Amino acid sequence: MTEFVLSTYGLQKDELTVEEFGSGLINSTWKVSAPGKQYILQRINSNVFQEPAAISGNISLIANHLKNNYPDYLFAAPIISNDGNEMIYVEGNGYFRLLPFIEGSHTFDVATTLEMAFEAAIQFGRFTRLLSGIEIDKLEITIPDFHNLSLRYLQFLSAAANTTKLRNQETFELIETLKEFSFIANEYEKILTNPEFKKRVTHHDTKISNVLFNHNRKGLCVIDLDTVMPGYFISDVGDMMRTYLSPVGEEESDFSKIIIRKEYYTAIVEGYMSEMKDELTEIEKKHFFYAGKFSIYMQALRFLTDYLNGDEYYGAAYPGQNLVRASNQTILLKRLMELAPDLYHIAIDSR
Ligand code: GN1
Ligand code: MG
């Protein structure tokens, strides 16, 4: 399959090596090595992204804006195929695209140093800031209601009401706990009606592996732009907290290892604010800590919903994987909330 796709870019099979790459849950990704040049090949999950043209439309809009206004910004735009397309459609297999592999770049799966968290937060903040001149309504919605926490909560309630007896019994306590946290969704409802919350160009998947670093571990740029669309800053800041604060990630089943590293919180604040402090409103700054609750709660709901629905969205490499992930994220949420008195003021005071 990949052979045919690569041939449409003029890349011939006998001179290529193709290996699986990265750790994303949704799209499939390969690294393609040709003599003297390397590429990233991706297959877009069309169950999740039902309108791939919305993704390529957004990416060209962004690429043009950056090229015209910030020509030095490193932006890995998709390569155009020999017949002039940004994506290749293969009957029965969906859409593929090819990107340049940025030479000398590195990615990391876990934020193991404060500098990495700081650099990543700069990169995501810079991305939103540099694109603040784009008319937000020109960007298309690539996944409707992707970070709509109220809807995610309703979907969770419905999954809990309609699951198998066994899954319901197993998850009873976790379901109750997540219901008790529904005030986080209520607060999101208030944000929706508050004009102080601005719709901005938002990445929506700010894990550390979506930042390219150079050999000195300085951030180069952000990647994985499928979910770039209008959104609130809490989505990006929150997902950084969700994925950088704990030394272990969402797959960890030894929950005693889930802790909040306060200094990583400060690194996220400092990195993000170094780019965004003049863009965010006072009310937004006051919701910096809330961002972490928002993202972690939403991810716990999404994993548990998927478990209750029979793992149809994320899939499961072993039975119960989505339950482990949901329990992990719920512990992370509790750990974060315990530190509210210590962390709440850091972003507000950083002005
Ligand atoms: C998915 O595919 P990946 O790993 O980049 C998901 C994110 C979740 C993440 C959890 C389109 O991202 O929202 O936070 O898994 N992306 C989509 O690991 O659902
Ligand atoms: Mg992603």
Side-chain angles (χ1 to χ4, degrees), residues 20-30 40-52 54-55 58-59 76 78 94-95 97 99 107-111 120 123-124 127 140-149 151-153 155-156 159 202-212 221-232 234-246 248-253 258 291-307 309 311-318 321-330 332-333:
E20 282 186 24
F21 190 73
S23 53
L25 299 181
I26 302 296
N27 294 331
S28 311
T29 307
W30 299 268
I40 293 292
L41 176 68
Q42 282 197 307
R43 176 176 174 268
I44 299 172
N45 180 326
S46 52
N47 289 329
V48 172
F49 296 100
Q50 301 201 346
E51 260 189 88
I55 300 177
N58 284 354
I59 293 182
Y95 285 89
R97 66 179 164 206
L99 302 145
T107 52
F108 300 97
D109 279 333
V110 187
Q123 287 303 321
F124 286 112
F127 184 72
E140 295 198 50
I141 307 290
T142 61
I143 304 181
D145 289 312
F146 185 45
H147 279 194
N148 180 342
L149 180 56
L151 182 71
R152 297 290 185 185
Y153 185 65
Q155 288 170 335
F156 152 74
T202 306
H203 184 282
H204 289 107
D205 193 8
T206 56
K207 59 189 172 194
I208 202 86
S209 58
N210 281 339
V211 177
L212 295 187
C221 64
V222 306
I223 56 170
D224 190 15
L225 305 178
D226 301 334
T227 53
V228 172
M229 57 182 146
Y232 296 111
I234 52 172
S235 285
D236 282 358
V237 161
D239 218 44
M240 287 196 268
M241 293 187 205
R242 186 179 81 76
T243 52
Y244 313 166
L245 292 182
S246 166
V248 295
E250 66 198 18
E251 302 292 352
E252 180 60 59
S253 57
I258 302 172
K293 295 194 282 181
F294 166 82
S295 290
I296 300 169
Y297 183 51
M298 184 160 59
Q299 198 62 60
L301 291 174
R302 290 178 66 194
F303 283 142
L304 187 55
T305 302
D306 201 35
Y307 181 68
N309 286 340
D311 308 309
E312 60 191 18
Y313 187 85
Y314 286 113
Y318 62 88
Q321 184 175 17
N322 282 311
L323 180 54
V324 168
R325 290 165 166 163
S327 309
N328 168 309
Q329 296 291 286
T330 306
L332 181 65
L333 178 59

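Since we're looking at a predicted model, the values are computed, not measured. Just so you know, ligand 1 is whichever comes first in the structure, and atom 1 is the first atom listed for that ligand.
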| query | What N/O/S atom of Asp205 gets nearest to the Mg ion (ligand 2)? | reply |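 Atom name returned: OD2.
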| request: For the Mg ion (ligand 2), find the closest N/O/S atom on Asp224 and give its atom name. | output: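 Closest to the Mg ion (ligand 2) among those atoms: OD2.
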| query | Which atom names give the shortest non-hydrogen contact between Leu99 and Ala76, and what distance separates them? | reply |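 Heavy atoms of Leu99 and Ala76 come nearest at CD2-O, 3.7 Å.
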Would you mind running through ligand 1 and noting each atom that sits below 4.0 Å from a heavy atom of [X]?
| X | value |
| --- | --- |
| Tyr314 | 8 (C), 15 (O) |
| Asp224 | 5 (O) |
| Ile143 | 11 (C) |

May I ask whether [X] places a heavy atom under 4.0 Å from ligand 1?
| X | answer |
| --- | --- |
| His204 | no |
| Arg242 | yes |
| Asn45 | no |

For the residue pair [X] and [Y], establish whether any side-chain heavy-atom pair is separated by less than 4.5 Å.
| X | Y | answer |
| --- | --- | --- |
| Tyr313 | Asn322 | no |
| Asp239 | Asp205 | yes |
| Arg97 | Asp226 | yes |
| Thr107 | Val211 | no |

| query | Should Thr227 and Phe49 be marked as a side chain to side chain contact (heavy atoms under 4.5 Å, CB included) after you check the CA-CA gap, both sets of side-chain angles, and the distance that decides it? | reply | CA-CA 9 Å; Thr227 53; Phe49 296 100; 4.0 Å; yes
How far is [atom] from its nearest protein heavy atom, and which residue and atom is that?
| atom | value |
| --- | --- |
| atom 1 (C) of ligand 1 | Ile26 CG1, 3.7 Å |
| atom 12 (O) of ligand 1 | Asp205 OD2, 3.6 Å |
| atom 19 (O) of ligand 1 | Tyr313 OH, 2.5 Å |
| atom 7 (C) of ligand 1 | Arg302 NH1, 3.9 Å |
| atom 14 (O) of ligand 1 | Gln299 OE1, 2.8 Å |
| atom 4 (O) of ligand 1 | Lys207 NZ, 2.7 Å |
| atom 18 (O) of ligand 1 | Glu250 OE2, 2.5 Å |

| Verdict with reasoning, Asn328 to Arg325, per side-chain hydrogen bond (donor to acceptor under 3.5 Å, both in side chains) | CA-CA 5 Å; Asn328 168 309; Arg325 290 165 166 163; over 6 Å; no
| field | Sole residue of Arg242, Lys207, Gln299 in side-chain hydrogen bond (donor to acceptor under 3.5 Å, both in side chains) with Glu250 | value |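 Single pass found, and it is Arg242.
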| field | Residue portion contacting ligand 1 (non-hydrogen atoms closer than 4.0 Å) for Asp226 | value |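 For Asp226, no heavy atom sits under 4.0 Å from ligand 1.
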| request: May I ask you to identify, for Asn210, whether its side chain, its backbone, both or neither come under 4.0 Å of ligand 1 on a heavy-atom basis? | output: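 Near ligand 1, Asn210 shows nothing, with every heavy atom at 4.0 Å or more.
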| Would you say Glu251 has more than 12 foreign heavy atoms packed within less than 6.0 Å of its CD? |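 Above 12, so yes.
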| query | Quick check: does Leu25 get an N/O under 3.5 Å from an N/O on ligand 1? | reply |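 Among all N and O atoms of Leu25, at least one is under 3.5 Å from an N or O of ligand 1.
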| task | Determine whether the side chains of Tyr297 and Arg152 contain a donor N or O and an acceptor N or O closer than 3.5 Å. | result |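 No donor-acceptor contact under 3.5 Å links the two side chains.
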| request: Indicate the ring-plane relationship of Phe127 and His203, choosing parallel, tilted or perpendicular according to the 30° and 60° boundaries. | output: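 Rings of Phe127 and His203: perpendicular, over 60°.
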